[in-house]
2 protein chains.
Amino acid sequence: MEKDFRQYSESADLLKAMAHPVRLCILRGLMQKGDCNVSHMQHCLDLPQSTISMHLQKLRAAGAVEGVRNGLEINYRIKNDTIKGLLHCLFPE
Amino acid sequence: MEKDFRQYSESADLLKAMAHPVRLCILRGLMQKGDCNVSHMQHCLDLPQSTISMHLQKLRAAGAVEGVRNGLEINYRIKNDTIKGLLHCLFPE
DNA sequence: TCAGATTATCGTGATATATTAATTTATTGA
DNA sequence: TCAATAAATTAATATATCACGATAATCTGA
(Lines give C-alpha, C1' and ligand atoms only; values in the text may rest on other atoms or scores of the structure.)
Protein backbone atom coordinates (compact mmCIF):
# COMPACT_ATOMS: atom_id res chain seq x y z
CA MET A 1 0.00 0.00 0.00
CA GLU A 2 2.50 2.59 -1.17
CA LYS A 3 1.99 6.29 -0.96
CA ASP A 4 1.58 6.88 -4.68
CA PHE A 5 -1.94 5.64 -5.11
CA ARG A 6 -2.04 7.86 -8.19
CA GLN A 7 -0.77 4.91 -10.23
CA TYR A 8 -4.16 3.33 -9.68
CA SER A 9 -6.03 6.03 -11.56
CA GLU A 10 -6.02 4.14 -14.82
CA SER A 11 -7.55 1.02 -13.33
CA ALA A 12 -9.98 3.13 -11.36
CA ASP A 13 -11.12 4.84 -14.56
CA LEU A 14 -11.74 1.51 -16.23
CA LEU A 15 -13.78 0.31 -13.27
CA LYS A 16 -15.66 3.60 -13.17
CA ALA A 17 -16.62 3.13 -16.81
CA MET A 18 -18.06 -0.30 -15.98
CA ALA A 19 -19.69 0.73 -12.71
CA HIS A 20 -23.18 1.50 -13.94
CA PRO A 21 -26.09 -0.91 -14.40
CA VAL A 22 -26.81 0.17 -17.97
CA ARG A 23 -23.18 0.03 -19.00
CA LEU A 24 -22.70 -3.36 -17.36
CA CYS A 25 -25.73 -4.60 -19.21
CA ILE A 26 -24.38 -3.30 -22.49
CA LEU A 27 -20.97 -4.83 -21.87
CA ARG A 28 -22.37 -8.19 -20.94
CA GLY A 29 -24.60 -8.12 -23.96
CA LEU A 30 -21.65 -7.36 -26.20
CA MET A 31 -19.72 -10.14 -24.51
CA GLN A 32 -22.42 -12.67 -25.33
CA LYS A 33 -23.56 -11.34 -28.65
CA GLY A 34 -20.24 -10.20 -30.06
CA ASP A 35 -21.46 -6.84 -31.28
CA CYS A 36 -24.54 -4.64 -31.41
CA ASN A 37 -25.68 -1.32 -32.83
CA VAL A 38 -27.13 1.58 -30.88
CA SER A 39 -30.70 1.24 -32.13
CA HIS A 40 -30.85 -2.34 -30.99
CA MET A 41 -29.55 -1.45 -27.54
CA GLN A 42 -32.04 1.37 -27.38
CA HIS A 43 -34.85 -1.02 -28.18
CA CYS A 44 -33.68 -3.68 -25.73
CA LEU A 45 -33.04 -1.32 -22.85
CA ASP A 46 -35.99 0.99 -23.53
CA LEU A 47 -34.02 4.16 -22.90
CA PRO A 48 -33.71 7.35 -24.95
CA GLN A 49 -31.18 7.28 -27.76
CA SER A 50 -29.14 10.05 -26.21
CA THR A 51 -28.86 8.15 -22.96
CA ILE A 52 -27.51 5.05 -24.68
CA SER A 53 -25.18 7.13 -26.77
CA MET A 54 -23.82 8.90 -23.70
CA HIS A 55 -23.11 5.60 -22.00
CA LEU A 56 -21.37 4.31 -25.10
CA GLN A 57 -19.32 7.48 -25.21
CA LYS A 58 -18.11 6.79 -21.67
CA LEU A 59 -17.23 3.23 -22.53
CA ARG A 60 -15.45 4.40 -25.65
CA ALA A 61 -13.51 7.08 -23.76
CA ALA A 62 -12.32 4.45 -21.31
CA GLY A 63 -11.16 2.22 -24.14
CA ALA A 64 -13.66 -0.44 -23.18
CA VAL A 65 -15.46 -0.63 -26.50
CA GLU A 66 -15.01 0.47 -30.09
CA GLY A 67 -17.51 1.20 -32.81
CA VAL A 68 -17.35 0.06 -36.41
CA ARG A 69 -19.60 1.82 -38.82
CA ASN A 70 -21.71 -0.30 -41.12
CA GLY A 71 -23.80 1.97 -43.30
CA LEU A 72 -26.03 4.07 -41.11
CA GLU A 73 -25.43 1.90 -38.12
CA ILE A 74 -22.44 1.68 -35.87
CA ASN A 75 -21.66 -1.67 -34.39
CA TYR A 76 -20.02 -1.68 -31.01
CA ARG A 77 -17.85 -4.39 -29.56
CA ILE A 78 -15.59 -4.90 -26.61
CA LYS A 79 -12.09 -3.69 -27.29
CA ASN A 80 -10.33 -4.42 -24.06
CA ASP A 81 -9.24 -7.81 -22.74
CA THR A 82 -9.12 -6.63 -19.16
CA ILE A 83 -12.81 -5.78 -19.50
CA LYS A 84 -13.51 -9.30 -20.67
CA GLY A 85 -11.64 -10.74 -17.71
CA LEU A 86 -13.53 -8.55 -15.28
CA LEU A 87 -16.85 -9.52 -16.83
CA HIS A 88 -15.96 -13.19 -16.46
CA CYS A 89 -15.25 -12.58 -12.78
CA LEU A 90 -18.58 -10.85 -12.30
CA PHE A 91 -20.68 -13.23 -14.39
CA PRO A 92 -19.00 -16.64 -14.29
CA GLU A 93 -21.90 -18.70 -15.61
CA MET B 1 -28.99 -7.37 -23.25
CA GLU B 2 -32.41 -7.65 -21.66
CA LYS B 3 -34.55 -4.73 -20.63
CA ASP B 4 -34.12 -5.23 -16.91
CA PHE B 5 -30.69 -3.81 -16.47
CA ARG B 6 -31.69 -3.24 -12.87
CA GLN B 7 -30.38 -6.69 -12.03
CA TYR B 8 -26.92 -5.29 -12.65
CA SER B 9 -27.13 -2.79 -9.82
CA GLU B 10 -25.46 -5.08 -7.34
CA SER B 11 -22.44 -5.68 -9.52
CA ALA B 12 -22.32 -2.02 -10.42
CA ASP B 13 -22.25 -1.11 -6.74
CA LEU B 14 -19.35 -3.45 -6.13
CA LEU B 15 -17.42 -1.95 -9.02
CA LYS B 16 -18.28 1.55 -7.87
CA ALA B 17 -16.80 0.76 -4.49
CA MET B 18 -13.56 -0.32 -6.15
CA ALA B 19 -13.45 2.49 -8.69
CA HIS B 20 -11.29 4.97 -6.83
CA PRO B 21 -7.48 5.17 -6.76
CA VAL B 22 -7.24 5.26 -2.98
CA ARG B 23 -9.67 2.39 -2.52
CA LEU B 24 -7.94 0.31 -5.17
CA CYS B 25 -4.67 0.94 -3.41
CA ILE B 26 -6.15 -0.12 -0.09
CA LEU B 27 -7.67 -3.25 -1.59
CA ARG B 28 -4.51 -4.27 -3.33
CA GLY B 29 -2.56 -3.67 -0.14
CA LEU B 30 -4.99 -5.85 1.80
CA MET B 31 -4.71 -8.48 -0.89
CA GLN B 32 -0.95 -8.63 -0.54
CA LYS B 33 -0.64 -8.02 3.18
CA GLY B 34 -3.67 -9.93 4.42
CA ASP B 35 -4.90 -7.24 6.74
CA CYS B 36 -4.14 -3.74 7.96
CA ASN B 37 -5.38 -1.19 10.47
CA VAL B 38 -6.48 2.35 9.72
CA SER B 39 -3.48 4.10 11.26
CA HIS B 40 -1.11 2.16 9.11
CA MET B 41 -3.03 2.98 5.95
CA GLN B 42 -3.13 6.61 7.00
CA HIS B 43 0.63 6.63 7.40
CA CYS B 44 1.27 4.83 4.12
CA LEU B 45 -1.12 6.89 2.05
CA ASP B 46 -0.46 10.21 3.76
CA LEU B 47 -4.10 11.23 3.85
CA PRO B 48 -6.27 12.54 6.70
CA GLN B 49 -7.69 9.90 8.98
CA SER B 50 -11.24 10.87 8.15
CA THR B 51 -10.55 10.41 4.46
CA ILE B 52 -9.22 6.90 4.96
CA SER B 53 -12.06 6.04 7.26
CA MET B 54 -14.58 7.32 4.75
CA HIS B 55 -13.13 5.13 2.03
CA LEU B 56 -13.15 2.12 4.32
CA GLN B 57 -16.77 2.86 5.11
CA LYS B 58 -17.58 2.73 1.41
CA LEU B 59 -15.76 -0.55 1.01
CA ARG B 60 -17.51 -1.94 4.07
CA ALA B 61 -20.93 -0.82 2.85
CA ALA B 62 -20.32 -2.63 -0.42
CA GLY B 63 -19.34 -5.80 1.40
CA ALA B 64 -15.83 -5.61 0.01
CA VAL B 65 -14.01 -5.58 3.33
CA GLU B 66 -14.69 -6.26 6.98
CA GLY B 67 -13.04 -4.93 10.09
CA VAL B 68 -12.00 -6.97 13.11
CA ARG B 69 -11.30 -5.04 16.24
CA ASN B 70 -8.10 -5.81 18.09
CA GLY B 71 -7.93 -3.57 21.13
CA LEU B 72 -7.90 0.02 20.00
CA GLU B 73 -7.18 -0.88 16.43
CA ILE B 74 -9.46 -2.32 13.82
CA ASN B 75 -7.92 -4.62 11.28
CA TYR B 76 -9.48 -4.63 7.88
CA ARG B 77 -9.38 -7.44 5.39
CA ILE B 78 -11.02 -8.39 2.14
CA LYS B 79 -14.31 -10.12 2.70
CA ASN B 80 -15.47 -10.82 -0.81
CA ASP B 81 -14.12 -13.40 -3.24
CA THR B 82 -15.42 -11.55 -6.26
CA ILE B 83 -13.27 -8.62 -5.20
CA LYS B 84 -10.24 -10.88 -5.09
CA GLY B 85 -10.96 -12.17 -8.55
CA LEU B 86 -11.40 -8.67 -9.93
CA LEU B 87 -8.12 -7.57 -8.34
CA HIS B 88 -6.36 -10.51 -9.94
CA CYS B 89 -7.72 -9.43 -13.32
CA LEU B 90 -6.53 -5.89 -12.80
CA PHE B 91 -3.15 -6.73 -11.30
CA PRO B 92 -2.09 -10.10 -12.65
CA GLU B 93 1.59 -9.98 -11.63
C1' DT C 1 -13.53 7.05 35.84
C1' DC C 2 -10.08 9.70 33.37
C1' DA C 3 -6.68 10.42 29.70
C1' DG C 4 -4.89 9.03 25.55
C1' DA C 5 -5.13 6.47 21.38
C1' DT C 6 -7.82 4.79 17.49
C1' DT C 7 -11.56 4.89 14.49
C1' DA C 8 -16.24 6.64 12.90
C1' DT C 9 -19.41 10.15 11.75
C1' DC C 10 -21.05 14.82 10.57
C1' DG C 11 -21.29 19.01 7.91
C1' DT C 12 -20.26 21.34 3.86
C1' DG C 13 -18.29 23.25 -0.24
C1' DA C 14 -16.32 21.52 -4.41
C1' DT C 15 -16.35 18.39 -8.15
C1' DA C 16 -18.18 14.75 -10.95
C1' DT C 17 -21.81 11.96 -12.96
C1' DA C 18 -26.56 10.98 -14.80
C1' DT C 19 -30.49 11.92 -17.54
C1' DT C 20 -32.75 13.46 -21.53
C1' DA C 21 -34.94 16.89 -24.92
C1' DA C 22 -33.25 19.35 -28.63
C1' DT C 23 -29.99 19.85 -32.07
C1' DT C 24 -26.30 18.48 -35.14
C1' DT C 25 -23.63 15.37 -37.90
C1' DA C 26 -23.05 11.43 -40.97
C1' DT C 27 -24.60 8.19 -44.28
C1' DT C 28 -27.54 6.16 -47.68
C1' DG C 29 -30.96 5.64 -51.30
C1' DA C 30 -34.11 7.93 -54.33
C1' DT D 1 -29.33 17.23 -53.81
C1' DC D 2 -33.15 15.75 -50.65
C1' DA D 3 -35.35 13.12 -47.28
C1' DA D 4 -34.94 9.62 -44.06
C1' DT D 5 -32.43 7.10 -40.72
C1' DA D 6 -28.79 6.39 -37.20
C1' DA D 7 -25.81 8.15 -33.97
C1' DA D 8 -23.24 11.99 -31.55
C1' DT D 9 -23.23 16.23 -29.27
C1' DT D 10 -25.07 20.08 -26.64
C1' DA D 11 -27.13 22.13 -22.84
C1' DA D 12 -29.68 22.15 -18.72
C1' DT D 13 -30.89 20.21 -14.46
C1' DA D 14 -30.73 16.79 -10.90
C1' DT D 15 -28.18 13.75 -8.18
C1' DA D 16 -24.10 11.63 -6.29
C1' DT D 17 -19.43 11.55 -4.78
C1' DC D 18 -15.11 13.64 -2.76
C1' DA D 19 -12.14 15.70 0.58
C1' DC D 20 -11.37 16.99 5.07
C1' DG D 21 -11.78 19.73 9.50
C1' DA D 22 -14.41 19.24 13.55
C1' DT D 23 -16.50 16.31 16.59
C1' DA D 24 -18.12 12.01 18.56
C1' DA D 25 -17.69 7.29 19.84
C1' DT D 26 -14.99 3.25 21.46
C1' DC D 27 -11.55 0.95 23.87
C1' DT D 28 -7.53 0.35 27.15
C1' DG D 29 -4.48 1.12 30.97
C1' DA D 30 -3.72 3.61 35.05
Side-chain angles (χ1 to χ4, degrees), chain A residues 1 3-6 8-10 12-27 29-30 35-77 79, chain B residues 1 3 5-6 8-27 29-30 35-77 79:
Chain A
M1 207 178 300
K3 187 172 293 189
D4 61 333
F5 51 78
R6 281 155 281 266
Y8 292 97
S9 295
E10 201 180 337
D13 286 343
L14 194 65
L15 291 174
K16 223 181 294 185
M18 295 178 72
H20 187 287
V22 170
R23 295 199 291 273
L24 263 187
C25 189
I26 288 172
L27 287 172
L30 291 178
D35 64 359
C36 188
N37 62 57
V38 180
S39 300
H40 188 244
M41 296 181 201
Q42 183 182 347
H43 180 255
C44 288
L45 300 173
D46 195 25
L47 289 170
Q49 179 265 325
S50 59
T51 302
I52 302 287
S53 197
M54 275 299 210
H55 283 302
L56 286 170
Q57 140 70 18
K58 280 204 187 298
L59 290 172
R60 210 158 5 99
V65 304
E66 64 184 350
V68 177
R69 187 177 275 278
N70 177 26
L72 287 180
E73 302 173 350
I74 296 180
N75 278 57
Y76 279 91
R77 61 185 174 210
K79 187 185 179 182
Chain B
M1 203 180 302
K3 186 173 293 191
F5 51 78
R6 281 155 280 267
Y8 292 96
S9 295
E10 200 181 336
S11 301
D13 286 343
L14 195 64
L15 291 174
K16 223 182 294 185
M18 295 179 73
H20 187 288
V22 169
R23 296 199 289 272
L24 264 187
C25 189
I26 289 172
L27 287 172
L30 292 179
D35 64 0
C36 189
N37 61 57
V38 180
S39 300
H40 188 243
M41 295 182 202
Q42 183 182 348
H43 180 255
C44 289
L45 299 174
D46 194 24
L47 288 170
Q49 179 267 325
S50 61
T51 301
I52 301 287
S53 195
M54 194 257 281
H55 283 302
L56 285 170
Q57 141 70 22
K58 278 199 189 304
L59 291 171
R60 207 156 11 96
V65 303
E66 63 184 351
V68 178
R69 186 176 277 277
N70 177 26
L72 287 179
E73 302 174 348
I74 296 179
N75 278 61
Y76 279 92
R77 62 185 173 209
K79 187 185 179 182

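Chain A is the first sequence line, chain B the second, and so forth, proteins listed ahead of strands; every chain is numbered from 1.
In this model, the phosphate group of C:dT19 is approached by a side-chain N or O of A:H20 to a distance below 4.0 Å at OP1 or OP2. In terms of phosphate contacts, B:K16 brings no side-chain nitrogen or oxygen within less than 4.0 Å of OP1 or OP2 of C:dT17.
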#### Entry: Annotated protein contacts, base or backbone, on nucleotides 5-15 of chain D with a non-hydrogen cut-off under 4.0 Å, one of B, S, - each
BSBBBBB----
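To the nearest angstrom, P of C:dT7 lies 12 Å from CD1 of B:I26. Rounding to whole angstrom units, NE2 of residue B:H43 and P of C:dA5 are separated by 16 Å. One atom, CG of B:L47, and another, P of C:dT6, lie 18 Å apart when rounded to the nearest Å. Counting to the nearest Å, the P atom of D:dA16 and the NZ atom of B:K58 are 11 Å from each other. In this structure, A:L45 atom CG and C:dT20 atom C1' are separated by 15 Å, rounded to whole Å.
In this structure a side-chain-to-backbone donor-acceptor pair under 3.5 Å is missing from A:R60 to A:G67.
In this structure, CG in B:L24 is found 11.0 Å from NE2 in B:H55, a value given to the nearest 0.5 Å. To the nearest 0.5 Å, the span separating SG on B:C25 from CG on B:L30 amounts to 9.5 Å. The CD atom of B:Q49 sits 9.5 Å away from the CG atom of B:L56 when rounded to the nearest 0.5 Å. If you take NE2 on B:H43 and CG on B:N37, they are separated by 12.0 Å, rounding to the nearest 0.5 Å.
Ranked by how close their nearest DNA chain C nucleotide is to the 5' end, A:A19 and A:N70 are led by A:A19.
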### Task
Show the numbers, then the answer: is there a side chain to side chain contact (heavy atoms under 4.5 Å, CB included) between A:K16 and A:D13?
CA-CA 5 Å; A:K16 223 181 294 185; A:D13 286 343; 3.8 Å; yes
